[in-house]
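None of the values given here were measured: they were computed from a predicted structure.
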There are 2 protein chains.
Amino acid sequence: MKTAAKPRRRAAPRHPAHDAGTRDRILEAAGEVFAAEGFRRATVREICARAKVNIAAINYHFGDKYELYREVFSHFARAGIEQYPVTFDPGGKPEPQLRAFCRNFTRRLLDPGRPAWHGRLIAREMVEPTPLLDEIVKSFMRPQWETILRIVAANVGAPPGSELARRCATSLIGQMLFQHNCRAVIDRVQPGQEYTPEENDRRAAFVAEFSLAALRALRGAAKRKAVAR
Amino acid sequence: MKTAAKPRRRAAPRHPAHDAGTRDRILEAAGEVFAAEGFRRATVREICARAKVNIAAINYHFGDKYELYREVFSHFARAGIEQYPVTFDPGGKPEPQLRAFCRNFTRRLLDPGRPAWHGRLIAREMVEPTPLLDEIVKSFMRPQWETILRIVAANVGAPPGSELARRCATSLIGQMLFQHNCRAVIDRVQPGQEYTPEENDRRAAFVAEFSLAALRALRGAAKRKAVAR
DNA sequence: GGGCGTGTCAAACATCTGTTTGAAATAGGT
DNA sequence: ACCTATTTCAAACAGATGTTTGACACGCCC
């Protein structure tokens, strides 16, 4: 199974008739399967079965599995970003923005349904990287990272590029990603976990409070350090 | 590729001559490859090449790939647990114990070298579960989880089984696991990351301080809540 | 109706992966 | 040296997976 490098037949050009059927069904099915299984474990047979199309359709419409994977990312990015925006307003208050960030970030990972597929695709790609990772870092992750750094920096009172802000942002994101990426384990050591939207929001709220408490204290500590000097 | 359920030839019984060669070389190679690649992506061909043995040797000595995987876990558990102990002493101070936990947990994920393979095997199994997960949860993860809960509970001043302790423990672990599991992304959005033992300890120390600050604050909040009532 | 382009299909193909097989080599004991 | 058990080996095998192929169907335009 070669993921890249081999010259491929060009995927069929987009055509008005295309958007009414097979191609879209494949994208939908692939979005769901890739988000749940990741690139490697997802099979074209499962995607085609789910989409009720012939197995050669992926090659006809997308060229190959890898290009389908790439298309899935761009196809679902918009919905995911709109539904779960992560933004920073320099004129706004830092704490509510961090809370909003936690809520949206957690939702994009744990929410049931289609808009969360993008978030889950990203999360999977993070733990099982494919050759597409570099593109995704450039187009999505790095800009998001910069935004998160700003949110965190505003709360901890350090420049966004500082080591303090970076470490805090790492700690913040890790808490939420853990709840998605290691869910199989969490559910086993903590039986009875629920994943309703309300419970997911409670998770997000806790991460926000835990982290805000830490950021406040670290902000205080940095201030005392500056005064002492 | 069937990971389980098929009746398998019994692996060769252990024999004095065994421990001097092929079998051990396979275990070493497999420990390294499984820790780096996970079960699914690791191939018996790579393991055998690394161990300089014939490809049929895995089946002869271990039965099949999956049994080898299981053996690798038990084989490396002892070294990992000894090198990176996670324990709780009820008579000891809570904060130094949490710091020690962070240090050892982070080291078991990020340290170079063999003793960290067990930790990395566990981390990989968490994000890409195999049918072995239930066994590992029972033999290793759940006991560890209970210990971590105790450490956290002592710091936050709540019972180990409480929701507060559980959420805090989740937040604590997530920070460290993120640094290992999503390392490919971290290295791309934060170029220049170093993974020397010293730098790893600095990471651990930061997670400890971040989390202790949060725990102190949450402890205070819980106390004020109790008083108010 | 014919020609051309597009889309679909079943079968075949190519590759990879884990496993099996039977012969040969090796090790250990008498 | 001989016998038996164990170990190793190369080749073959079986199954899974992604891709290709060529025929056919369909739609559109002249």
Can you list everything that forms a side-chain contact (heavy atoms from CB on, under 4.5 Å) with A/Ala29? Sequence neighbours excluded, please.
A/Ile47, A/Arg50, A/Ala51
Rounded to whole Å, CD of A/Glu67 lies from C1' of D/dG18 at a distance of 14 Å
Counting heavy atoms from C-beta on, name the nucleotide in C/dT19, D/dT19, D/dT8 closest to the side chain of B/Val44.
C/dT19
How many whole angstroms separate atom OH of B/Tyr60 from atom C1' of C/dT21?
14 Å
A/Asn59 side chain: which of D/dG18, D/dT8, D/dT19 is closest?
D/dT19
When the distance from CD1 of B/Ile47 to P of C/dT19 is rounded to whole Å, what number comes out?
11 Å
Can you find a side-chain donor-acceptor pair between A/Thr106 and A/Gln179 that sits under 3.5 Å?
no
A/Ala56 has its side chain closest, among D/dT8, C/dA10, C/dT20, to C/dA10
Distance, rounded to the nearest Å, where B/Ile58 contributes CD1 and C/dT21 contributes P
18 Å
What is the separation between atom CG on A/Asn54 and atom P on D/dG18, rounded to the nearest whole Å?
14 Å
note: A/Arg45, atom CZ; C/dC9, atom P; distance rounded to Å ~ 15 Å
To the nearest angstrom, how far is A/Lys65 atom NZ from D/dG18 atom P?
4 Å
Non-neighbouring partners of B/Ala57 that pass side-chain contact (heavy atoms from CB on, under 4.5 Å), sequence neighbours left out:
B/Thr22, B/Ile26, B/Val53, B/His61
Between A/Glu82 and A/Arg78, does at least one N-O distance fall below 4.0 Å, as a salt bridge requires?
yes
Looking at B/His61, I'd like to know whether one of its side-chain N or O atoms comes within less than 4.0 Å of OP1 or OP2 on D/dT8.
yes
Distance check needed: D/dC9 P versus B/Lys52 NZ, whole Å only.
13 Å
